[in-house]
Amino acid sequence: MPPVVTIRSLKDHIGEEVAVQGWLYNKTEKGKLQFLQIRDGTGVCQCVVFKGNVTPDDFEIGQSLTQESSLMVAGIVRAEPRAPGVPGGFELDVRYIEAMGISDPYPISPKEHGVEFLMENRHLWIRSSRQWAALRVRAVIVRAIRDWLDSHGFVNIDTPIITPAAAEGTTTLFEIDYHGEPAYLAQTGQLYNEANIFAFGQVYCFGPTFRAEKSKTRRHLQEFWMVEPEVAFCTLEQLMEIEEHFVSYIVQRCLNDCGPELRVLERDLTHLQRVAPPFPRIHYDEAVAMINAAAARGDLVPGYDDPVPPIEWGGDFGSPHETYIAAQFDKPVFVHHYPTAIKAFYMEPEGDRPEVCRSVDLLAPEGYGEITGGSERMSDPGKLIAAIERHKLPIEPYEWYVDLRRYGSVVHSGFGLGVERTVAWVCGLDHVRETIAFPRMLNTMRP
RNA sequence: UCCUCGGUAGCUCAAUCGGCAGAGCAUCCGGCUGUUAACCGGAAUGUUGUUGGUUCGAGUCCAACCCGGGGAGCCA
């Protein structure tokens, strides 16, 4: 039997006899010809079975194969521009077929299906090429995140998932029973990250986070993955520089490593090719002015039929505002210096203008929303205690956090990047549920 | 929590004014050497989300509930 090779590497075996093992993705028969599209996890390859080239038994096996049956085929690799597949352009001239597991009738045909049906069959849907492509891009994004951080002096120190109290005290948490004591699934590792920088300088945590919000939109999951870098001796301005280099690297890495996947997804690459430092930076004041000018003109929110709603200075942006602002730029855009009153207690107020704080969100283009949120953290213990009290939070659980400012406080900053929103943006998907193998959504956790 | 749209064959959908439950695809059988969601011929396919109500008669109208899509708020 010739050596088993991956479909992705077929281009290196033209003219050679090789074997491919995988699953039957699609089949069309035309008398003495069978076109078997086989996927092996690395790609999809058309395998052509001509009656004259195989034994009668093998030809019959080919006829009996049902969609998703597992099999091995052997044959000669040939460059063929007509051949469909991923990457495509190569096909296998089959000489031998071995059926392994004949599949029962497969529920997901290569036709249209509704979201509800596909989500109920998520364990099978991930075999479909668009889902396969998105999840492979996700894997590359995760690798790019780690590679960039690891090679820029960041130490990966993961933070706990079980936490004793609300980290930010705002959003809804999943409560669990911790041996009789209430505990919560983490919605951020940030406070622990801040402890870790005093030991390691630059750190990141990377793991799942949990939000029990009753959110049912294309941008929300109950369980999502977030990478949170945190840096000692770092100002807001330096943080933005880190973010734009980091995000640009992730996008360029996908362009470089995921060509076939992005083609399956039919992604318009020109949007991604533009993503390079520097990103535009706009002050909250400026963003409010832009929104209100648009509202006064009656501009519509891009992609929706509704006009841009006006906003009062001091209010937080709603989704329509973010979508409008992001659409004014062809790269991700930083919006910085949000009002102190609407942001988390630990964000550093601006020195000569304490009503705004040294915070920054990064809005992705094309309506993908906020992909990072970060800030310079408050570094003075007295001011921090006052902020905790102003937010009506109990001081006792935060004593350790205040300690960080008592023992060698430094200016420091950090941000969190949502993996699923980043994947959705890079892939051009319209819903984050397709960016993770088994999404946990409001009222939906099966399979 | 609120707003909005939807639930009919395995899947995607249709069904006029309240009047016999219909297509395409998938499946099975037959045909074809270049198919790209192939095509051609044939076969089989139903608790119309649930419960109750109106009516001679309900997929269609009414009520409640269940499930799902999109959005708001909140957020990454």
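Note that the structure is predicted; figures quoted are calculated from it, not measured. Each chain gets a letter, A, B and so on, in the order the sequences are listed, and its residues count up from 1.
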Counting Watson-Crick and G-U wobble pairs only, both distances under 3.5 Å, name the nucleotide matched with B/U1, or none.
B/A72

For the CG atom of A/Leu363 and the CD1 atom of A/Ile325, what is their distance to the nearest 0.5 Å?
7.5 Å

Would you mind reading off the distance between A/Tyr25 atom OH and B/U35 atom C1', rounded to a whole angstrom?
16 Å

Compute whether any side-chain donor of one residue and acceptor of the other, for A/Glu98 and A/Tyr96, lie under 3.5 angstrom apart.
yes

Just N and O in the side chain of A/Lys30: are any of them under 4.0 Å from OP1 or OP2 of B/G34?
yes

Compare the minimum distances between each of B/G70, B/G73, B/C28 and the side chain of A/Pro320, then state the nucleotide with the smallest one.
B/G73

Would you say the side-chain atoms of A/Tyr284 and A/Asp361 include a donor-acceptor pair closer than 3.5 Å?
no

Do the ring centers of A/Phe329 and A/Phe279 come within less than 6.0 Å of each other?
no

Answer yes if the side chains of A/Tyr25 and A/Glu68 hold a donor-acceptor pair under 3.5 Å, and no otherwise.
no

Could you state the atom-to-atom distance from NZ of A/Lys214 to P of B/G71 in whole Å?
18 Å

Pair A/Arg122-A/Gln131, side-chain donor/acceptor within less than 3.5 Å
yes

Round to a whole Å and report the spacing from OH of A/Tyr106 to C1' of B/U27.
16 Å

Both distances under 3.5 Å, Watson-Crick or G-U wobble: report the partner of B/G10, or none.
B/C25

Using a 4.0 Å heavy-atom cut-off, does A/Thr444 contact any base of the nucleic acid, only the sugar-phosphate backbone, or nothing at all?
sugar-phosphate

Taking only nitrogen or oxygen atoms into account, show me every contact under 3.5 Å that the protein makes with nucleotides 21-23 of chain B, one pair per line with its distance.
none

Pick the C1' atom in B/G70 and in B/C62, then give their distance to the nearest Å.
27 Å

Atom pair distance, as rounded to whole Å: NZ in A/Lys51 and P in B/C32:
8 Å

Consider only side-chain N and O atoms of A/Glu213 and A/His220, and report whether a donor and an acceptor are under 3.5 Å apart.
no

Less than 3.5 Å apart, any donor N or O on the side chain of A/Glu350 or A/His337 sitting next to an acceptor on the other?
yes

Could you measure between the two C1' atoms, the one in B/G52 and the one in B/C66, and give it in whole Å?
15 Å

Between B/G70, B/U35, B/C75, which nucleotide has the shortest distance from any of its atoms to the side chain of A/Arg421?
B/C75

In whole Å, what separates the P atom of B/U4 from that of B/C65?
15 Å

Hey, is the side chain of A/His431 poking within less than 4.0 Å of OP1 or OP2 on B/G69, counting only N and O atoms?
no

Taking syn as a glycosidic torsion within 90° of 0 and anything else as anti, which one is B/C17?
syn

Rounded to the nearest 0.5 Å, how far does CG of A/Leu255 lie from CD of A/Gln252?
5.0 Å

Could you tell me how far B/G10 sits from B/U27 if I compare only their C1' atoms? Round to whole Å.
9 Å

Checking B/C75, B/U35, B/G69 against the side chain of A/Arg219 (C-beta onward), the nearest is B/C75

When the P atoms of B/C67 and B/G30 are compared, how many Å lie between them, rounded to an integer?
46 Å

Of the listed B/C75, B/U35, B/A76, the closest approach to the A/Thr28 side chain comes from B/U35

Does the aromatic ring of A/Phe35 sit over the six-membered base ring of B/G34, closer than 5.5 Å centre to centre and tilted less than 30°?
no

Between A/Tyr184 and A/Phe210, ring centroids under 6.0 Å:
no

Given atom NZ of A/Lys27 and atom C1' of B/C28, what is their separation to the nearest angstrom?
12 Å

Heavy atoms only, 4.0 Å cut-off, all strands: where does A/Arg78 land among base, sugar-phosphate and nothing?
base

Comparing nearest nucleotides in RNA chain B, the 5'-proximal residue of the pair A/Leu442, A/Gly418 is A/Leu442

Side-chain donor/acceptor of A/Ser215 to base of B/G73, under 3.5 Å:
yes

Candidates B/C32, B/C75, B/G69 - which lies nearest the side chain of A/Arg433:
B/G69

Of the candidate nucleotides B/C74, B/G34, B/G69, which contains the atom at the shortest distance from the side chain of A/Lys216?
B/G69

To the nearest 0.5 Å, how far apart are CG in A/Leu221 and CD in A/Glu420?
5.5 Å

Against the side chain of A/Pro84, the closest entry in B/C75, B/U35, B/C28 is B/U35

Determine whether any donor atom in the side chain of A/Gln46 lies under 3.5 Å from an acceptor atom in the base of B/U35, or the reverse, and answer yes or no.
yes

Whole angstrom value for the distance that separates P of B/G31 from CG of A/Leu33
15 Å

B/A72, OP1 or OP2 - any side-chain N/O from A/Ser319 closer than 4.0 Å?
yes

For nucleotides 7-13 of chain B, print each protein N/O atom paired with a nucleotide N/O atom at under 3.5 Å, atom names and distance only.
residue, atom, partner, partner atom, Å
B/C11, O2', A/Glu112, O, 3.2
B/C11, O2', A/His113, ND1, 2.4
B/U12, OP1, A/Gly114, N, 2.8

Between B/U55 and B/C28, how far apart are the C1' atoms? Round to whole Å, please.
43 Å

With the side chain of A/Glu370 defined as its heavy atoms from C-beta on, choose the nearest nucleotide among B/G34, B/C75, B/A76.
B/A76

Does the structure show a Watson-Crick or G-U wobble partner for B/C61, both distances under 3.5 Å? Name it, or say none.
B/G53

Determine the interatomic distance between P on B/A72 and the same-named atom on B/U54; round to the nearest Å.
42 Å

Calculate, to the nearest 0.5 Å, the distance between atoms CG and CD1 belonging to A/Asn26 and A/Ile38 respectively.
11.5 Å

Nucleotide nearest A/Phe224 when distance is taken to its side chain, options B/G34, B/G70, B/A76
B/A76

When the C1' atoms of B/G49 and B/U60 are compared, how many Å lie between them, rounded to an integer?
16 Å

Quickly work out the A/Tyr338 OH to B/C74 P distance and round it to whole Å.
12 Å

Does A/Glu29 get its side chain close enough to the base of B/G31, under 3.5 Å, for a donor-acceptor pair?
no

We want to know whether A/Ser375 and A/Arg377 form a side-chain donor-acceptor pair, criterion being a heavy-atom distance below 3.5 angstrom.
yes

Can you check the A/Leu124 CG to B/A26 P distance for me, whole Å?
18 Å

Classify the nucleic acid contact of A/Glu91 as base, sugar-phosphate or nothing, counting any heavy atom under 4.0 Å across all strands shown.
base

